[in-house]
Engineer: 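My questions will all concern the structure given below.
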Amino acid sequence: MARLVGSDIEEFSVRHWGREPLLRRTSGKFGDLLDLDGVDELLSRRGLRTPFLRLARDGSVVDSRSFTGGGGVGAEIGDQIRDDRVAALFAEGSTIVLQALHRTWPSIIDFTTRLSGELGHPAQVNAYITPPSSQGFSAHYDVHDVFVLQLAGRKRWKVHAPVHASPLRDQPWDEHAEAVAARARDDTPVIDEVLEPGDVMYLPRGWLHSAKALGDVSAHLTVGIHVITVFALVEALTALAGSDERLRASLPLGIDVADSDRIEGHLESVRQDLIDVLRTVPSEDVARHVRDRTWKGNRPEPLAPVAAAEFLLGLRDGDAVRRRDGLRFRITGPADGHVALELPDRRLSLPGSTSTALAALLDGSTWRVGELPGLDRTDQLVLVRRLLREGVLMAATA
């Protein structure tokens with residue numbers, strides 16, 4: 001976070017997060033995350049398939065059939081990227097959009113894992129590579145917050161105030177296309193600046209923006225933050241309200257649900273029942289319902305399967321392990337002689353005697369087998385093997 005917004009994260013949280021844009025000039029660069037050589041490697045040597053690549057021109061997405069095909073002998077899948085066609089279309093003015101780099105490019109995978117953990121919200125990363133003096137997309141807004149990281153070249157950004165503030169995921173900009181176009185055409189931009197390599201801009205969801213490359217090839221990353229909204233709590237509450245029998249009752253036989261007068265006769269009692277039920281929904285149930293959006297939004301730190309299996313098979317006293325970075329979890333208990341480790345996709349039940357050692361293993365520190373608190377060495381090996389097998393722990397390197 002500090003790399004993006006500076007050292008005063010509290011100031012960013014209070015003034016900008018979800019409220020207003022931020023443009024930050026920095027002396028640093030982002031070449032360690034991605035550069036133009038890395039872009040060429042992704043396009044020509046990594047066997048990318050759609051939808052990991054899009055091309056856009058004059059505000060429209062280019063048909064993927066114009067730049068994909070089979071990969072030759074042993075790789076006949078027909079939607080692989082053809083680098084020769086991408087090169088030709090880029091030379092003709094199309095913008096390259098590399099999507100989901102948080103799944104395909106190692107340095108960005110690591111960056112996104114750490115960032116999403118600090119934010120508490122899932123994140124994705126795309127790259128936009130624009131030919132000289134070209135514009136890939138017209139003015140629009142996103143339904144997620146965005147950090148723009150300028151990688152190479154110069155790009156002029158115009159940012160306008162929202163026409164639909166804080167849009168939800170199912171409220172895309174094209175539902176307000178006329179208002180978006182009018183504001184971009186008629187109103188003075190809130191930001192009209194040229195971003196240089198190393199510059200960062202934050203845009204809350206809903207803020208209109210467009211960008212045009214100046215002079216040379218321009219490249220930037222967009223870090224999309226899929227914010228968990230207040231409406232997510234609303235959705236959780238209404239979903240959990242279905243546990244009350246009154247709110248599961250059938251409407252009368254033969255009712256015309258298109259007739260507002262007939263529906264009105266049932267609404268008042270439903271409203272009152274709903275209010276009564278919502279007051280009693282436990283916060284623990286709401287948290288459990290909402291957390292999947294965050295816990296399953298990003299994968300934890302990559303795990304090398306072969307190396308992990310070899311380490312597990314050869315585990316011995318003195319070996320060092322640590323929790324996978326970015327792993328979402330919750331420990332509950334001990335109760336009834338067991339402690340539970342809740343993970344994004346499953347729940348592990350472990351002996352209550354492991355609770356102290358388990359808490360230590362998951363505190364983010366590096367631990368050696370034989371040094372864990374509360375268990376003898378034999379039981380430590382058993383616990384660590386189980387957590388390695390479940391992908392909770394990994395070997396710690398010096």
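Since the model is a prediction, treat every value here as computed from it, not as a measurement.
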Engineer: Establish, yes or no, whether a centroid distance under 6.0 Å links the rings of W17 and H121.
Structural biologist: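 Centroid separation for W17 and H121: below 6.0 Å.
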
Engineer: Quick one: are L53 and Q99 in side-chain contact, heavy atoms under 4.5 Å?
Structural biologist: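 No; the side chains remain at least 4.5 Å from each other.
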
Engineer: Which pair of non-hydrogen atoms, one from A123 and one from I225, has the smallest distance, and what is that distance?
Structural biologist: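 Closest heavy-atom pair between A123 and I225: CB-CD1, 3.8 Å.
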
Engineer: Apply side-chain contact (heavy atoms from CB on, under 4.5 Å) to the pair T104 and L98, showing each step before the final yes or no.
Structural biologist: CA-CA 10 Å; T104 61; L98 288 164; over 6 Å; no

Engineer: Between D199 and K155 (salt bridge meaning N to carboxylate O under 4.0 Å), is one present in this structure?
Structural biologist: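 K155 and D199: not salt-bridged.
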
Engineer: Are the side chain of E11 and the backbone N or O of D8 linked by a donor-acceptor pair below 3.5 Å?
Structural biologist: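 No: the side chain of E11 does not pair with the backbone of D8.
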
Engineer: Would a 4.5 Å heavy-atom cut-off, applied to side chains only, mark D83 and R85 as touching?
Structural biologist: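 No; the side chains remain at least 4.5 Å from each other.
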
Engineer: Would you indicate whether E76, at its atom CD, is surrounded by more than 12 heavy atoms from other residues, nucleotides or ligands within a distance under 6.0 Å?
Structural biologist: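 More than 12 within 6.0 Å, yes.
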
Engineer: Have D276 and Q272 got a donor and an acceptor in their side chains that come within less than 3.5 Å?
Structural biologist: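 Yes - a donor-acceptor pair under 3.5 Å links their side chains.
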
Engineer: Nearest 0.5 Å please: distance from the CZ atom of R322 over to the OG1 atom of T366.
Structural biologist: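 Answer rounded to 0.5 Å: 7.0 Å.
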
Engineer: At what distance, to the nearest 0.5 angstrom, does CD of E41 lie from CG of L36?
Structural biologist: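 E41 CD to L36 CG: 13.0 Å, rounded to 0.5 Å.
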
Engineer: Specify the closest pair of heavy atoms between L33 and S107, including all atoms of both residues, with the distance to one decimal.
Structural biologist: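 That would be O-OG, 2.7 Å.
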
Engineer: Cluster question for you: counting only ILVMFWY and a side-chain heavy-atom cut-off of under 4.5 Å, with indirect links fine, are V217 and F137 together?
Structural biologist: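 Each belongs to a different hydrophobic cluster.
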
Engineer: Which ILVMFWY residues are connected to L195, directly or by a chain of links, through side-chain heavy atoms under 4.5 Å apart?
Structural biologist: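 Once heavy-atom contacts under 4.5 Å are chained together, L195 belongs with L23, V146, V148, W157, V159, V190, I191, M201, L203, W207.
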
Engineer: Applying side-chain contact (heavy atoms from CB on, under 4.5 Å) to K158 and T188, what does each step give before you reach the verdict?
Structural biologist: CA-CA 9 Å; K158 292 185 178 181; T188 302; over 6 Å; no

Engineer: Heavy atoms, side chains only, cut-off 4.5 Å: are L233 and I228 in contact?
Structural biologist: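 No. Closest side-chain heavy atoms not under 4.5 Å.
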
Engineer: Verify whether one side chain among R293 and H226 offers a donor that lies under 3.5 Å from an acceptor in the other.
Structural biologist: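 Checked: R293/H226 side chains show no N/O donor-acceptor pair below 3.5 Å.
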
Engineer: Going by an N to O cut-off under 4.0 Å, is there a salt bridge joining E193 and R156?
Structural biologist: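 No, this pair does not count.
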
Engineer: Do the side chains of F30 and W105 join up, straight or via other hydrophobic residues, at under 4.5 Å, putting them in one cluster?
Structural biologist: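 Yes, F30 and W105 fall within the same hydrophobic cluster.
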
Engineer: So, the side chain of S134 versus the backbone of T130: is there a donor-acceptor pair under 3.5 Å, distance only?
Structural biologist: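 Checking the backbone N and O of T130 against the side chain of S134, no donor-acceptor pair under 3.5 Å is found.
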
Engineer: For the side chain of D174 and the backbone of A177, is there at least one donor-acceptor N/O pair under 3.5 Å apart?
Structural biologist: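 Checking the backbone N and O of A177 against the side chain of D174, no donor-acceptor pair under 3.5 Å is found.
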
Engineer: Verify side-chain contact (heavy atoms from CB on, under 4.5 Å) between D325 and R114, making sure each step is shown before the conclusion.
Structural biologist: CA-CA 7 Å; D325 193 18; R114 293 190 297 271; 3.5 Å; yes

Engineer: The criterion is side chain to side chain donor-acceptor pair (under 3.5 Å); which residues satisfy it with D79, sequence neighbours excluded?
Structural biologist: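 Side chain to side chain donor-acceptor pair (under 3.5 Å) check on D79 returns R49, T50.
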
Engineer: Would L327 and W295 show up in the same hydrophobic cluster when neighbours are defined by side-chain heavy atoms closer than 4.5 Å?
Structural biologist: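 The answer is no; the residues belong to distinct hydrophobic clusters.
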
Engineer: Can you find a side-chain donor-acceptor pair between T222 and Q124 that sits under 3.5 Å?
Structural biologist: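 Looking only at side-chain atoms, Q124 and T222 do not form any donor-acceptor pair under 3.5 Å.
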
Engineer: Do R385 and L388 come close enough that some side-chain heavy atom pair is under 4.5 Å?
Structural biologist: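 Of all side-chain heavy-atom pairs linking L388 with R385, none is under 4.5 Å.
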
Engineer: What distance do I263 atom CD1 and L267 atom CG have between them, rounded to the nearest 0.5 Å?
Structural biologist: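 The CD1 atom of I263 sits 6.5 Å away from the CG atom of L267.
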
Engineer: Is the backbone N or O of H144 less than 3.5 Å from a side-chain atom of D142, with the two atoms forming a donor-acceptor pair by type?
Structural biologist: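 Not confirmed, D142 side chain does not pair with H144 backbone.
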
Engineer: Other residues, nucleotides and ligands only: do more than 12 of their heavy atoms fall within 6.0 Å of CG on D186?
Structural biologist: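 Correct, the count exceeds 12.
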
Engineer: With distance as the sole test, does T68 use its side chain to make a donor-acceptor pair with the main-chain N or O of I81 at under 3.5 Å?
Structural biologist: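 Between the backbone of I81 and the side chain of T68 there is no qualifying donor-acceptor contact (under 3.5 Å).
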
Engineer: Which atom names give the shortest non-hydrogen contact between A320 and R368, and what distance separates them?
Structural biologist: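 In terms of heavy atoms, the two residues are closest at CB-NH1, 3.7 Å.
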
Engineer: Salt bridge between E301 and R324, side-chain N to carboxylate O under 4.0 Å?
Structural biologist: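 No, this pair does not count.
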
Engineer: Less than 4.5 Å apart, any side-chain heavy atom of M394 and any of R323?
Structural biologist: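 No, side chains not in contact.
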
Engineer: Determine the minimum heavy-atom distance between N298 and P122, stating which atoms define it.
Structural biologist: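 N298 and P122 have their closest heavy atoms at OD1-CA, 3.0 Å.
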
Engineer: Quick one: does L34's side chain get under 4.5 Å of V125's, heavy atoms only?
Structural biologist: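 Not touching, per the 4.5 Å side-chain cut-off.
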
Engineer: Between D363 and S365, do the side chains contain an N or O donor and an N or O acceptor separated by less than 3.5 Å?
Structural biologist: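 The answer is yes; a qualifying pair exists.
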
Engineer: Given the rule that I, L, V, M, F, W and Y join up when any side-chain heavy atoms are under 4.5 Å apart, are F67 and V97 in one cluster?
Structural biologist: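 Cluster IDs for F67 and V97 differ.
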
Engineer: May I ask you to say whether R377 pairs ionically with D317, meaning some side-chain N is under 4.0 Å from a carboxylate O?
Structural biologist: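 Between D317 and R377 there is a salt bridge, with a charged N closer than 4.0 Å to a carboxylate O.
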
Engineer: What distance separates S355 OG from L350 CG, expressed to the nearest 0.5 Å?
Structural biologist: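 Nearest 0.5 Å value for the OG-CG distance: 10.0 Å.
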
Engineer: Check whether any side-chain heavy atom of T294 lies under 4.5 Å from a side-chain heavy atom of R328, and answer yes or no.
Structural biologist: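 Sidechains of R328 and T294: in contact.
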
Engineer: Could you check whether any side-chain N or O of H289 sits under 3.5 Å from a backbone N or O of A287, counting only pairs where one atom can act as donor and the other as acceptor?
Structural biologist: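 No, the answer is negative, given that no donor and acceptor are paired below the 3.5 Å cut-off.
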
Engineer: So, the side chain of S94 versus the backbone of F90: is there a donor-acceptor pair under 3.5 Å, distance only?
Structural biologist: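 The answer is no, because no donor-acceptor pair under 3.5 Å joins these two groups.
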
Engineer: Specify whether F147 and Y202 have parallel, tilted or perpendicular ring planes, treating 30° as the upper limit for parallel and 60° as the lower limit for perpendicular.
Structural biologist: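 Tilted: the ring planes of F147 and Y202 meet at 30° to 60°.
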
Engineer: What are the two closest non-hydrogen atoms of A357 and L372, and how far apart are they?
Structural biologist: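 Reported closest heavy-atom pair: CB-CB, 4.3 Å.
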
Engineer: Can you list everything that forms a salt bridge (Lys or Arg N to Asp or Glu O under 4.0 Å) with R386? Sequence neighbours excluded, please.
Structural biologist: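 So R386 forms a salt bridge (Lys or Arg N to Asp or Glu O under 4.0 Å) with E390.
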
Engineer: Would you say R25 has more than 12 foreign heavy atoms packed within less than 6.0 Å of its CZ?
Structural biologist: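 Yes, the 6.0 Å shell around CZ holds more than 12 heavy atoms from other groups.
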
Engineer: Look at the side-chain heavy atoms of Ile, Leu, Val, Met, Phe, Trp and Tyr, link any pair under 4.5 Å apart, and say whether I129 and L48 land in one connected group.
Structural biologist: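 Same cluster: I129 reaches L48 through Ile, Leu, Val, Met, Phe, Trp or Tyr contacts under 4.5 Å.
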
Engineer: With a cut-off of 6.0 Å (strictly less than), are more than 12 heavy atoms of other residues, nucleotides or ligands near CZ of R299?
Structural biologist: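 Count not over threshold, so no.
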
Engineer: Does some side-chain heavy atom of Y141 sit less than 4.5 Å from a side-chain heavy atom of H176?
Structural biologist: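 Yes, their side chains come closer than 4.5 Å.
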
Engineer: Just by distance, do the side chain of T113 and the backbone of I109 share a donor-acceptor pair under 3.5 Å?
Structural biologist: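 Checking the backbone N and O of I109 against the side chain of T113, a donor-acceptor pair under 3.5 Å is found.
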
Engineer: Side chain of D35, backbone of G38: donor and acceptor closer than 3.5 Å?
Structural biologist: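 Indeed, once roles are kept as given, a pair shorter than 3.5 Å links the two residues.
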
Engineer: R288 vs E342, test: salt bridge (charged side-chain N to carboxylate O under 4.0 Å, His left out). Steps then yes/no.
Structural biologist: CA-CA 10 Å; R288 193 181 303 276; E342 298 178 4; 3.2 Å; yes

Engineer: Could you go through L115 and V223, starting from their C-alpha distance and side-chain angles, then the distance that decides it, and tell me whether this counts as side-chain contact (heavy atoms from CB on, under 4.5 Å)?
Structural biologist: CA-CA 10 Å; L115 180 64; V223 182; 3.6 Å; yes

Engineer: Given salt bridge (charged side-chain N to carboxylate O under 4.0 Å, His left out), test E284 with R291 step by step and report yes or no.
Structural biologist: CA-CA 10 Å; E284 174 69 20; R291 75 184 186 191; 5.4 Å; no

Engineer: Any donor-acceptor pair under 3.5 Å linking the side chain of R205 with the backbone of S166?
Structural biologist: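 Between the backbone of S166 and the side chain of R205 there is a qualifying donor-acceptor contact (under 3.5 Å).
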
Engineer: What distance do L361 atom CG and Q380 atom CD have between them, rounded to the nearest 0.5 Å?
Structural biologist: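 Taking CG in L361 and CD in Q380, the distance rounds to 8.5 Å.
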
Engineer: If I compare all heavy atoms of L362 with all of F329, which pair ends up nearest, and what's the gap?
Structural biologist: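 Heavy-atom minimum between the residues: O-CZ, 3.5 Å.
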
Engineer: What distance separates L221 CG from L101 CG, expressed to the nearest 0.5 Å?
Structural biologist: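 Atom-to-atom, L221:CG and L101:CG are 7.0 Å apart.
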
Engineer: Check the surroundings of atom CZ in R45: do more than 12 heavy atoms from other residues, nucleotides or ligands lie under 6.0 Å from it?
Structural biologist: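 Open: at most 12 neighbouring heavy atoms sit under 6.0 Å from CZ of R45.
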
